[in-house]
Colleague: 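One structure follows; several queries about it will come next.
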Amino acid sequence: MEFYYPNLQNDMWRIYGVLFFGDKDYFLEKGKKAFSRERLVAFLEETGVALFDTAMEVIRQRGNASDQFLEIVTPVDLDAVLKRIPKCKAIVTTGQKATDTLFALLDAPQPSVGGYVGCNYNGRDLRIYRMPSSSRAYPKPLEEKARIYRQMFCELGMLSV
């Protein structure tokens with residue numbers, strides 16, 4: 001699947017499924033071992049959640065998925081991205097490499113995992129959240145990750161307590 005978080009070993013879409021639909025398998029394609037891109041896109045458009053990479057050009061120094069071996073050549077053009085989404089009120093990173101890449105562009109301290117910092121970026125007040133990685137290599141159970149994400153979505157008014 002040419003989309004974000006396609007690996008079945010990644011919990012991102014399970015976290016969203018648990019939080020918004022009460023079903024960790026909500027985004028799984030029926031009868032297949034894959035996520036439903038159609039269902040994901042419909043959900044993201046309905047909720048106003050946008051996904052983007054913090055780097056536009058990278059060099060993968062080893063043939064694996066580890067961020068540890070990514071060299072960031074060109075970071076995201078944050079100005080251009082935010083101009084396209086004028087109602088954006090929060091940015092969320094889910095891994096240390098993404099967090100480091102984003103915060104190299106900001107004048108703000110990095111928040112702890114599960115927290116956020118307020119940041120004024122070019123006259124726009126934003127919350128910058130640092131969420132736990134959804135990778136199963138990150139040693140937290142799905143329920144724990146979902147609890148942390150729930151707090152963020154509640155703070156943003158996207159879920160109720």
Side-chain angles (χ1 to χ4, degrees), residues 1-20 24 27 34-35 37 40-41 43-44 47-85 87-122 124-159:
M1 178 172 84
E2 293 182 9
F3 201 65
Y4 293 89
Y5 306 105
N7 190 325
L8 285 174
Q9 296 306 307
N10 190 294
D11 282 332
M12 184 58 74
W13 301 124
R14 288 178 182 85
I15 292 168
Y16 278 80
V18 166
L19 296 179
F20 289 89
K24 71 178 178 67
F27 291 108
F35 294 109
R37 181 180 177 148
L40 291 168
V41 169
F43 165 76
L44 295 169
T47 58
V49 172
L51 302 173
F52 207 75
D53 294 312
T54 58
M56 301 304 298
E57 183 180 3
V58 300
I59 296 173
R60 190 166 293 282
Q61 297 170 331
R62 295 206 182 154
N64 63 36
S66 174
D67 287 354
Q68 178 182 355
F69 301 110
L70 284 183
E71 176 188 341
I72 306 301
V73 177
T74 307
V76 64
D77 182 344
L78 192 56
D79 292 329
V81 171
L82 289 174
K83 282 179 185 168
R84 295 188 67 187
I85 47 177
K87 293 182 181 180
C88 178
K89 58 184 177 180
I91 298 174
V92 180
T93 60
T94 61
Q96 193 59 55
K97 179 67 83 172
T99 301
D100 291 343
T101 303
L102 178 65
F103 276 87
L105 306 173
L106 303 175
D107 182 24
Q110 288 189 20
S112 59
V113 175
Y116 75 91
V117 295
C119 177
N120 185 288
Y121 184 80
N122 289 344
R124 184 189 301 205
D125 289 326
L126 296 167
R127 285 185 178 192
I128 313 294
Y129 282 87
R130 169 60 167 100
M131 291 289 103
S133 172
S134 55
S135 168
R136 295 223 181 132
Y138 186 72
K140 282 198 181 297
L142 174 64
E143 298 76 20
E144 174 80 11
K145 292 177 192 177
R147 183 188 61 73
I148 297 168
Y149 277 77
R150 175 179 296 284
Q151 179 180 334
M152 174 191 68
F153 284 121
C154 287
E155 290 171 0
L156 293 172
M158 298 175 70
L159 285 174

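Heavy atoms only: backbone and side chains are in, while hydrogens, waters and symmetry mates are out.
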Colleague: What orientation do Tyr116 and Tyr129 show, parallel under 30°, tilted 30 to 60°, or perpendicular over 60°?
Modeller: tilted
Colleague: Could you work out, with salt bridge (Lys or Arg N to Asp or Glu O under 4.0 Å) as the rule, every residue matching Arg136, not counting sequence neighbours?
Modeller: Asp11
Colleague: Side chains of Arg130 and Thr99: is there a donor and an acceptor less than 3.5 Å apart?
Modeller: yes
Colleague: Can you see whether Ser135 engages Asn10 through a side-chain donor-acceptor pair at a distance of less than 3.5 angstrom?
Modeller: no
Colleague: Is the Phe20 ring parallel, tilted or perpendicular to the Tyr16 ring (thresholds 30°, 60°)?
Modeller: parallel
Colleague: Does the pair Arg147 and Ile15 meet the rule for a side-chain contact (heavy atoms from CB on, under 4.5 Å), with working shown?
Modeller: CA-CA 9 Å; Arg147 183 188 61 73; Ile15 292 168; over 6 Å; no
Colleague: Quick one: list whatever passes side chain to side chain contact (heavy atoms under 4.5 Å, CB included) with Asp77, sequence neighbours left out.
Modeller: Asp79, Ala80
Colleague: Check step by step if side-chain contact (heavy atoms from CB on, under 4.5 Å) holds for Thr101 and Val76.
Modeller: CA-CA 8 Å; Thr101 303; Val76 64; 5.8 Å; no
Colleague: Taking all heavy atoms of Ala146 and all of Leu19, pick out the closest pair and write down the distance.
Modeller: O-CD2, 3.4 Å
Colleague: Suppose we screen for side chain to side chain contact (heavy atoms under 4.5 Å, CB included). Which residues come up paired with Cys88, at least two apart in sequence or across chains?
Modeller: Leu82, Ile85, Ile91, Arg124, Leu126
Colleague: Check the pair Val73 / Val58 against side-chain contact (heavy atoms from CB on, under 4.5 Å), numbers first and verdict last.
Modeller: CA-CA 5 Å; Val73 177; Val58 300; 5.7 Å; no
Colleague: Against Phe35, only a single residue in Phe3, Tyr4, Tyr5, Phe27 fulfils side chain to side chain contact (heavy atoms under 4.5 Å, CB included); can you say which?
Modeller: Phe27
